[in-house]
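Input: a single structure, listed below in structure tokens.
First listed ligand is number 1; within each ligand, the first listed atom is number 1.
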Amino acid sequence: MCGIVGYTGFKPATPILLNGLVKLEYRGYDSAGLALAARNGSVQIIKKVGKIHNLISTVKHSKISPNVTSGIGHTRWATHGQPTDINAHPHSGCGNNVAVVHNGIIENYQQLKDQLKAKGHRFKSQTDSEVLAHLLEDELKKYPVEKAVPQALAKIEGTYSVVIIDQSKPDTLIGARSGGGALVVGLGKGENFLASDVSALLAYTREVFYLEDHEMVIVTPQGVTVLNLSNGKTVKKQVAEIAWTAEQAEKGGYPHFMLKEIMEQPTALQDTFTGRLDPSTGKVILEGAFWSSPYLKQFKKITLLGMGTSYYAALVGKFLLEKYLRIQVEVDNASEFRYRNPIVDKKTLVVVISQSGETVDTLTALREAKSKGAKIIAICNVMGSSVTRESEAVLLTRAGPEIGVASTKAFTTQLGAFWLLTLHLAGVRRAMKPAELRKKSHELAKVPLQMESVLKQTKAIEKVAKEYSTYFNFLYLGRGFQYPIALEGALKLKEISYIHAEGYPGGEMKHGPIALIDSKMPVVAIALKSSSTYEKMLNNIEEVKARKGKILAVIEKGDKEARRKANSVLEIPAVAEDISPMLSVLPLQLMAYEIAKLKRREIDQPRNLAKSVTVE
Ligand code: AGP
């Protein structure tokens with residue numbers, strides 16, 4: 001998620017804005033900028049791709065009057081358009097009278113852009129956010145900024161957290177939000193602040209309140225006024241005193257980035273679907289010409305490539321694509337693929353999966369496939385990364401920056417991206433009927449809320465973690481769609497708690513692993529009633545119990561039979577088998593986290609691991 005900072009008061013704004021942006025760097029970004037309300041009746045925008053020091057050196061060489069005492073700043077995490085100077089925020093309209101910074105996704109930006117272009121507006125960037133600046137420019141011709149903002153926002157479909165500055169009222173900032181992530185107001189004496197999280201404000205104030213969805217705030221050096229965007233009524237806000245340290249603030253109050261990112265998964269998945277999945281029609285709308293190219297009807301085979309968690313996401317992707325497209329789908333560990341002289345040609349669609357987009361094995365495998373004529377799609381979380389730049393098309397997971405080394409929200413948004421890919425291809429290739437597409441789209445639209453319900457079970461998971469934290473070896477078993485989840489659950493445990501854990505297909509038990517089973521080798525079994533192999537998993541559980549093994553089962557809520565057979569259970573809502581991986585992985589992520597916490601591990605930076613393996 002991008003970072004926002006705003007200041008209006010009696011001090012020079014520039015250093016305050018830059019310090020705030022530096023405090024937001026931890027969130028990850030690809031460009032940064034600021035807009036200053038000069039007293040000469042214009043808004044001055046300075047923005048640069050890359051790290052904030054690029055912006056700072058540009059600011060140093062720019063003419064900025066020291067008596068500029070209000071402005072806004074932004075760190076961008078690209079969702080539409082490559083990371084470039086032009087695509088960086090803030091954005092202005094055709095003139096330089098207004099500037100806006102935006103977090104969120106404007107679903108109807110293309111339609112608004114076409115309408116504005118038809119009215120003579122000229123666009124500079126590829127972003128959705130710039131549309132808002134042009135809408136504001138039009139409304140400011142008719143209304144003062146306090147009225148122009150609600151008028152412009154009323155035209156937006158999608159999510160936003162925005163801060164606007166307009167030259168006609170240079171000391172006034174307008175903030176507003178609707179689903180675009182946090183917007184916090186910081187209160188000072190003769191000065192006031194806005195930011196996307198408190199870490200940007202702590203150096204100046206600890207008196208804050210948060211905007212709720214559909215609220216707008218008018219901020220001047222003298223005070224702040226909050227209005228309800230739906231009815232224009234004034235809203236009274238409760239001011240809180242932030243007791244967090246700066247480090248705690250960066251984690252949003254969570255003890256670790258990993259836990260914060262586990263809890264962000266519902267929002268991350270919702271963001272990944274927003275503007276792309278239309279449950280009413282079952283249509284999937286993806287950005288870029290590639291998605292409507294005839295090639296999508298012509299390719300004969302799909303190869304999926306990735307490493308680690310991304311490889312496990314690919315295994316789930318295989319199940320989905322084969323189930324609905326009835327086409328051959330190979331999955332390969334990228335480091336194996338690249339040395340095997342693989343059978344790939346121009347009729348092979350290759351999908352590379354990578355959170356960072358910089359994993360050297362995945363990048364090299366991509367190049368190997370490309371050299372053999374394959375078309376490449378990237379499912380990636382970092383726009384502008386090497387993998388995205390070398391692919392024909394990118395299906396961006398909008399998870400926002402993933403700081404914890406152990407991948408969590410990137411994984412579930414990769415699964416969401418595979419659903420978007422599957423439904424899109426199934427629609428294009430007429431492999432699914434419209435009614436089926438609508439049915440699955442409706443089911444998918446419910447998953448973010450279902451995730452919320454699973455993530456609420458922290459007490460139950462803490463209890464299970466305590467019970468299982470003293471073991472030295474684990475076996476994770478799953479079948480079908482749950483086999484990759486067994487692998488991923490085992491990876492989570494081993495990489496952050498350093499406990500040995502292996503994932504296996506349940507059917508493999510009798511071919512060796514069962515020799516390991518005794519009272520010191522707990523088995524995590526994913527046994528969901530919706531699964532076509534549920535009974536087989538119950539048999540696995542019996543086999544383990546017969547050898548004094550201990551069973552922790554991931555089951556559907558209310559499944560009495562599985563509950564009776566297991567020693568402990570972790571529950572998820574009953575959903576379709578092919579939807580369930582996005583839910584069944586959640587308790588395993590949380591259990592790994594809680595066990596690692598009990599063992600006092602370096603959870604965000606586990607030993608020997610890097611967030612992105614860019615060297616062999
Ligand atoms: C997952 O928790 C690990 N950090 C690791 O396996 C990771 O998934 C793998 O290195 C691939 O990274 P990527 O998705 O950035 O390519």
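Distances below 4.0 Å separate heavy atoms of S407 from the following atoms of ligand 1: 1 (C), 2 (O). Annotation for ligand 1: atoms under 4.0 Å from non-hydrogen atoms of A406 are 2 (O). Less than 4.0 angstrom separates some heavy atom of S310 from each of these atoms of ligand 1: 8 (O), 13 (P), 14 (O). The Q355 neighbourhood of ligand 1 comprises atoms 13 (P), 14 (O), 15 (O), 16 (O), with distances under 4.0 Å to a heavy atom of that residue. Within ligand 1, counting atoms from 1 as listed, the ones closer than 4.0 Å to a heavy atom of K492 are 1 (C), 2 (O). Interface of T309 with ligand 1, defined as ligand atoms under 4.0 Å from a residue heavy atom, comprises 1 (C), 2 (O), 6 (O), 8 (O). Those atoms of ligand 1 that come under 4.0 Å of a heavy atom in S356, given as number and element, are 13 (P), 15 (O), 16 (O).
In E495, the part holding a heavy atom less than 4.0 Å from any atom of ligand 1 is the side chain.
Of all protein heavy atoms, the one lying nearest to atom 6 (O) of ligand 1 is G308 CA, 3.3 Å. Nearest protein neighbour of atom 10 (O) of ligand 1, counting heavy atoms only, is V613 CG2, 4.0 Å. Protein heavy atom in closest approach to atom 4 (N) of ligand 1: V405 O, 2.8 Å. From the protein, the heavy atom lying nearest to atom 9 (C) of ligand 1 is M307 O, 3.7 Å.
Atoms OG and NZ, on S469 and K599 in that order, are 6.0 Å from each other to the nearest 0.5 Å. Within the model, atoms CD1 of I485 and CD of Q589 stand 9.0 Å from one another, a figure rounded to the nearest 0.5 Å.
Considering I353, N381, T359 only, the shortest heavy-atom separation from atom 12 (O) of ligand 1 involves T359.
A salt bridge does not link K494 to E502: none of the charged side-chain nitrogens sits closer than 4.0 Å to a carboxylate oxygen. Between K492 and E488 there is a salt bridge, since a side-chain N of the basic residue sits under 4.0 Å from a carboxylate O of the acidic one.
Within the structure, salt bridge (charged side-chain N to carboxylate O under 4.0 Å, His left out) contacts touching residues 384-396 (residues at least two apart or in different chains) are R367-E390.
Under the side-chain contact (heavy atoms from CB on, under 4.5 Å) rule, L588 has a single partner from I526, L552, L493, which is I526. A salt bridge (Lys or Arg N to Asp or Glu O under 4.0 Å) with E402 holds for exactly one of K260, K611, K409; it is K611.
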Practice item. Carefully, step by step, assess E358 and S385 under the rule side-chain hydrogen bond (donor to acceptor under 3.5 Å, both in side chains). Key: CA-CA 6 Å; E358 300 301 343; S385 59; 4.5 Å; no

Exercise for review: Test K47 against N87 for side-chain hydrogen bond (donor to acceptor under 3.5 Å, both in side chains), laying out the working first.
Suggested key: CA-CA 9 Å; K47 51 189 187 176; N87 286 340; over 6 Å; no

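The N/O atoms of Q414, backbone and side chain alike, include none that comes under 3.5 Å of an N/O atom in ligand 1.
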